[in-house]
There are 2 protein chains.
Amino acid sequence: MPRADARVTRERLIESAVALLDEHGPEALTLTAVARALGVRAPSLYHHVDGLDGVRLEVRVHGIERLGDALQRASSGRSGRDALSAVARAYVDFGRHQPGLYALTLAGSDGGDERVRAAGARVLDTVLAVLHGYGLQDEAALHATRFVRSALHGFAALERAGGFALSLDQDASFDHLVDAVDAGLERLANAQA
Amino acid sequence: MPRADARVTRERLIESAVALLDEHGPEALTLTAVARALGVRAPSLYHHVDGLDGVRLEVRVHGIERLGDALQRASSGRSGRDALSAVARAYVDFGRHQPGLYALTLAGSDGGDERVRAAGARVLDTVLAVLHGYGLQDEAALHATRFVRSALHGFAALERAGGFALSLDQDASFDHLVDAVDAGLERLANAQA
DNA sequence: GGAGCAAACCTATGGCGATTAGGCTAAGAC
DNA sequence: GTCTTAGCCTAATCGCCATAGGTTTGCTCC
């Protein structure tokens with residue numbers, strides 16, 4: 001029975017952690033900093049989460065869930081290339097707007113946490129639904145999912161790391177990427193038949 | 001004028017750092033650990049590199065150079081889809097065999113270091129050479145490079161992070177990825193014309 | 001309306017890693 | 001042989017994670 005006057009709640013803790021992460025990078029996510037943001041001392045957090053890794057886990061779960069939300073929202077009511085384009089845009093935008101949060105969704109030893117698995121499955125299902133629009137099914141669809149996620153994650157990660165150093169328009173590159181992925185999916189769909 | 005009996009050299013320092021990274025992960029790369037491996041105390045390292053970030057920079061430069069070596073070796077004597085396949089395999093294998101080193105090649109604020117730029121340019125050029133085999137030139141080739149690097153980095157990163165949770169064969173997924181990227185490049189080459 | 005339980009915090013402490021300051025030693029130049 | 005300086009060192013500070021153990025104070029239930 002949680003007390004009503006608690007300064008620390010899972011929601012507020014995640015909120016603070018995400019803010020630190022997005023504004024000051026991964027290094028800034030410390031127990032001390034989170035505690036300070038919540039008006040509390042660092043050891044107090046141990047009553048709510050399992051140390052720094054626990055904070056990261058909570059944030060990761062939250063991040064994957066939010067990513068799943070964004071992808072599902074983007075794909076709803078669309079199909080085929082249209083759906084691919086919308087989902088891809090949503091994915092990349094998520095990485096752009098919440099770089100710190102996004103980085104945590106993938107990096108990490110999640111020790112087989114159930115919530116991570118469930119949230120990840122939802123992301124996977126959303127992508128799979130898009131691929132069905134290309135006629136991809138079963139194993140071929142799963143391989144294709146890995147291709148799509150590789151391309152999207154790679155793009156988001158390279159963008160974040162400053163890997164696209166040249167002064168070439170990134171939005172144009174994104175459009176080319178979607179075009180190329182579209183062609184790749186058509187190839188995989190044909191190869192499957 | 002360096003002394004002959006020095007225990008710390010750039011080479012030995014990088015070697016130790018890479019070993020720590022590949023065997024025990026990013027967290028294990030500490031000044032204390034590197035110093036211990038070299039038979040020296042941590043503060044002594046400051047005479048050779050600029051702190052922990054300096055170590056990371058040295059390792060990053062080394063990693064990008066080695067990646068460049070691997071890609072160039074893989075592409076030499078091949079062209080077209082054959083070259084793409086070989087380069088992709090070399091890229092992914094690099095990430096598999098040296099996960100810690102690979103992770104550092106991209107993650108990071110390299111503050112515009114000249115050696116990083118140069119080594120990165122060599123990687124870029126190798127990929128560009130492959131794309132010329134598809135008839136891609138100029139701007140279109142650069143956009144295509146981003147597509148290829150996104151797909152390869154994404155695959156390597158997801159593999160390393162355990163993002164491919166399902167028990168689906170990863171080598172088969174890799175073959176599908178190469179196939180899809182090949183199709184994507186053909187599309188981009190046609191769109192260019 | 002008070003007793004008791006447990007939630008929510010706290011201080012104290014230990015340990016480790018980064019980094020700075022300041023000093024010793026001995027290799028190699030001249 | 002002197003002297004410069006590269007290469008290491010110890011000492012000390014600071015920030016952070018983590019554990020141990022204690023105090024306050026809502027809440028619930030008689």
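To find a chain, count down the sequence lines: A is the first, B the second, and so on, and within it residues start at 1. Bear in mind the structure is a predicted one, so any value in this text is a computation, not a measurement.
In terms of position on DNA chain D, the residue among B:H47 and A:T30 whose nearest nucleotide sits closer to the 5' end is B:H47.
Taking only side-chain nitrogens and oxygens, A:R41 comes nearer than 4.0 Å to OP1 or OP2 of C:dT11. A:Y46 has a side-chain polar atom (N or O) that falls below the 4.0 Å cut-off from OP1 or OP2 of D:dA18. When the side-chain nitrogen and oxygen atoms of B:T32 are compared with OP1 and OP2 of C:dA18, one or more of them lie within a distance under 4.0 Å. In this model, the phosphate group of C:dA7 is not approached by any side-chain N or O of A:H48 to a distance below 4.0 Å at OP1 or OP2.
Note: CG (A:L20) to C1' (D:dG15) measures 15 Å, nearest angstrom. We find that CG of A:L29 is positioned 12 Å from P of D:dC16, with the value rounded to whole Å. One atom, CG of A:L45, and another, P of D:dA18, lie 11 Å apart when rounded to the nearest Å. Rounded to a whole Å, the CG atom of A:D50 is 8 Å from the P atom of D:dA18. Rounded to an integer number of Å, the gap from CZ of B:R10 to P of D:dA6 is 19 Å. If you measure from atom CZ of B:R56 to atom P of C:dG17, you get 14 Å, rounded to the nearest angstrom. Taking atom CZ of B:R7 as the reference point, atom P of C:dA27 lies 12 Å away to the nearest angstrom. Distance A:L38 CG to C:dC10 C1': 16 Å, rounded to the nearest Å.
Counting only residues at least two apart or on different chains, the side chain to side chain donor-acceptor pair (under 3.5 Å) pairs with a member in residues 126-137 of chain B are B:Y134-B:D182. Within the structure, the salt bridge (charged side-chain N to carboxylate O under 4.0 Å, His left out) test picks out no pair touching residues 15-24 of chain B (sequence neighbours left out).
For A:R81, the CZ atom is densely surrounded, since the number of other residues' heavy atoms within 6.0 Å is greater than 12.
Picking from D:dC8, D:dA18, D:dA11 the nucleotide with the shortest atom distance to the side chain of B:V8 gives D:dC8. When distances run from any side-chain atom of B:S44 to the nucleotides D:dC9, C:dA18, C:dT11, the shortest one goes to D:dC9.
One N or O on the side chain of A:R7 and one on the backbone of A:G39 form a donor-acceptor pair closer than 3.5 Å.
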CA sep, side-chain torsions, deciding dist, call: B:L168, B:S173, side-chain contact (heavy atoms from CB on, under 4.5 Å): CA-CA 8 Å; B:L168 187 65; B:S173 288; 4.2 Å; yes
